[in-house]
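Taking it in order: structure first as structure tokens, then the write-up.
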Number of protein chains: 2
Amino acid sequence: MLLHLNPSSGVPVYLQLEAQVKQAVAAGALRTGEALPSTRKLAAELRINPNTVARAYQDLERDGVTRSVPGGGTFVADGLPGLLKSEKVKRLRPHARQLAVEGRQLRLTREETLKLLEEELDKLGGQP
Amino acid sequence: MLLHLNPSSGVPVYLQLEAQVKQAVAAGALRTGEALPSTRKLAAELRINPNTVARAYQDLERDGVTRSVPGGGTFVADGLPGLLKSEKVKRLRPHARQLAVEGRQLRLTREETLKLLEEELDKLGGQP
DNA sequence: CATATTGTACTAATACACTAGTACAGTTAG
DNA sequence: CTAACTGTACTAGTGTATTAGTACAATATG
């Protein structure tokens with residue numbers, strides 16, 4: 001696992017962990033069924049409280065990214081439950097709107113903003 | 001002004017105000033030089049404390065969206081200071097990454113995610 | 001000049017976020 | 001079965017965000 005924290009960023013530790021795990025899963029660096037480090041191992045490695053890691057793992061499970069089993073460990077879940085596409089779009093639209101507004105605010109052209117998203121999508125690789 | 005609050009959303013009031021003003025400016029509903037309601041007027045209308053509105057106006061000024069003058073009022077600023085494109089991209093990339101990751105998490109195709117952003121960009125209208 | 005209206009600065013109360021400590025319960029390994 | 005692991009539940013403390021109250025300073029308006 002390649003996890004690094006930025007203690008002075010102001011972003012809560014558990015959110016940093018969640019974002020990095022989500023990103024790793026989305027990019028295919030962590031594959032379905034693969035085990036994440038145990039809460040205590042990761043906590044010791046990062047010098048933080050195990051409960052902080054546990055908090056992140058709980059949120060990830062709530063979001064359907066992982067599956068935690070007491071005594072067993074935490075693993076990358078296989079695909080989200082079948083959400084309706086309309087529901088997916090409903091969840092995603094606020095993020096898209098924010099990107100659009102911020103881009104316009106910075107006087108970027110429509111094409112420049114789209115290009116930026118394309119780059120980030122490409123970084124995640126083709127559908128692995 | 002068309003501002004509506006969602007008290008039960010958990011999102012701080014001043015952030016809701018900032019987002020809506022930014023969106024209105026980006027969409028051209030508020031044009032350069034146009035005056036925003038005074039802190040007290042808007043606060044009275046929304047039944048909140050004037051300082052909460054002031055907080056939002058301060059942040060908007062910090063972000064270059066508006067310009068506040070004591071005794072005068074708060075107005076929509078004209079265009080951002082000339083930021084280097086590299087700096088703009090640096091600010092925007094985290095938003096793009098988040099959208100990309102969330103989209104992948106929901107098993108949306110690259111095209112579907114891009115389409116969503118196009119829609120939101122279109123909602124803001126051609127460069128007004 | 002005088003008065004009302006603007007944004008600003010300061011203080012403060014309340015709530016909640018964040019992290020940590022400790023004990024518990026289930027699973028695996030020997 | 002025992003021991004060492006796993007995640008979970010509960011409590012608790014520290015800080016900070018959020019909002020509000022009040023007084024102040026600058027501008028506009030008559």
Side-chain angles (χ1 to χ4, degrees), chain A residues 1 3-22 25 30 32-78, chain B residues 1 3-22 25 30 32-78:
Chain A
M1 276 303 284
L3 290 181
H4 48 87
L5 296 180
N6 185 346
S8 64
S9 74
V11 180
V13 172
Y14 75 97
L15 284 181
Q16 294 186 42
L17 294 179
E18 292 176 31
Q20 289 183 40
V21 170
K22 280 185 182 182
V25 171
L30 284 174
T32 297
E34 194 165 349
L36 273 64
S38 79
T39 54
R40 289 170 176 78
K41 272 237 178 72
L42 184 54
E45 190 175 323
L46 299 176
R47 319 269 195 175
I48 60 181
N49 191 287
N51 255 328
T52 301
V53 179
R55 165 75 182 271
Y57 282 6
Q58 281 174 5
D59 287 357
L60 288 170
E61 183 173 28
R62 171 179 53 73
D63 292 350
V65 178
T66 60
R67 188 174 46 93
S68 292
V69 35
T74 299
F75 310 90
V76 178
D78 49 353
Chain B
M1 274 304 283
L3 291 180
H4 49 88
L5 297 180
N6 184 347
S8 64
S9 75
V11 180
V13 172
Y14 74 97
L15 285 181
Q16 294 186 41
L17 294 178
E18 292 176 30
Q20 290 183 38
V21 171
K22 281 186 180 180
V25 171
L30 284 174
T32 298
E34 195 165 349
L36 274 64
S38 78
T39 53
R40 288 170 177 77
K41 272 238 180 71
L42 184 53
E45 189 175 323
L46 299 175
R47 318 268 194 175
I48 60 181
N49 191 287
N51 256 328
T52 303
V53 179
R55 165 75 182 270
Y57 281 7
Q58 281 174 6
D59 287 358
L60 287 169
E61 184 172 29
R62 171 178 54 72
D63 292 350
V65 178
T66 60
R67 187 173 48 91
S68 291
V69 34
T74 300
F75 310 90
V76 178
D78 49 353

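Reminder, nothing fancy here: chain letters follow the sequence lines and each chain counts from 1.
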What is the distance, rounded to the nearest whole Å, between atom [atom1] of [X] and atom [atom2] of [N]?
| X | N | atom1 | atom2 | result |
| --- | --- | --- | --- | --- |
| A:Leu60 | D:dT8 | CG | P | 11 Å |
| A:Asn49 | D:dC10 | CG | P | 17 Å |
| B:Tyr14 | D:dA20 | OH | C1' | 15 Å |
| B:Leu46 | D:dA20 | CG | P | 11 Å |
| A:Leu15 | D:dA17 | CG | P | 14 Å |
| A:Arg40 | D:dG7 | CZ | P | 7 Å |
| A:Arg67 | D:dT8 | CZ | P | 12 Å |
| B:Asn51 | D:dC24 | CG | C1' | 12 Å |

Output one line per pair: protein atom, nucleotide atom from nucleotides 27-30 of chain D, and distance, for all N/O pairs under 3.5 Å.
residue : atom : partner : partner atom : Å
D:dT27  : O4'  : B:Pro70 : O            : 3.3

First locate atom [atom1] of [X], then atom [atom2] of [Y], and finally report the distance between them rounded to the nearest 0.5 Å.
| X | Y | atom1 | atom2 | value |
| --- | --- | --- | --- | --- |
| A:Asp59 | A:Lys22 | CG | NZ | 8.0 Å |
| A:Ile48 | A:Leu17 | CD1 | CG | 5.5 Å |
| A:Asn49 | A:Thr39 | CG | OG1 | 9.5 Å |
| A:Leu36 | A:Leu30 | CG | CG | 5.5 Å |

May I ask you to evaluate whether [X] reaches the phosphate of [N], defined as a side-chain N or O under 4.0 Å from OP1 or OP2?
| X | N | value |
| --- | --- | --- |
| A:Tyr57 | D:dG7 | no |
| B:Thr52 | D:dA20 | yes |
| A:Thr39 | D:dT6 | no |

Query raised in the report: Are any non-hydrogen side-chain atoms of A:Val13 and A:Leu5 less than 4.5 angstrom apart?
Result: yes

What is the minimum heavy-atom distance between [X] and [Y], and which atoms define it?
| X | Y | value |
| --- | --- | --- |
| B:Leu42 | B:Pro37 | CB-CB, 4.0 Å |
| A:Leu3 | A:Gln20 | CD2-OE1, 3.2 Å |
| A:Thr74 | A:Ser68 | OG1-OG, 3.0 Å |
| A:Gln16 | A:His4 | OE1-O, 4.5 Å |

Requested in this report: Look only at the side chain of B:Glu18 and the backbone of B:Leu60, and say whether a donor-acceptor pair between them is shorter than 3.5 Å.
Outcome: no

Query raised in the report: Does A:Val65 offer a backbone N or O that forms a donor-acceptor pair with the side chain of A:Asp63 under 3.5 Å?
Result: no

Requested in this report: State, to the nearest 10°, the angle formed by the axis through the first five base pairs of the helix from C:dC1-D:dG30 to C:dG30-D:dC1 and the axis through its last five.
Outcome: 30°

**Report entry** Range on DNA chain C touched by chain A, heavy atoms, distance below 4.0 Å
**Finding:** C:dC18 to C:dT27

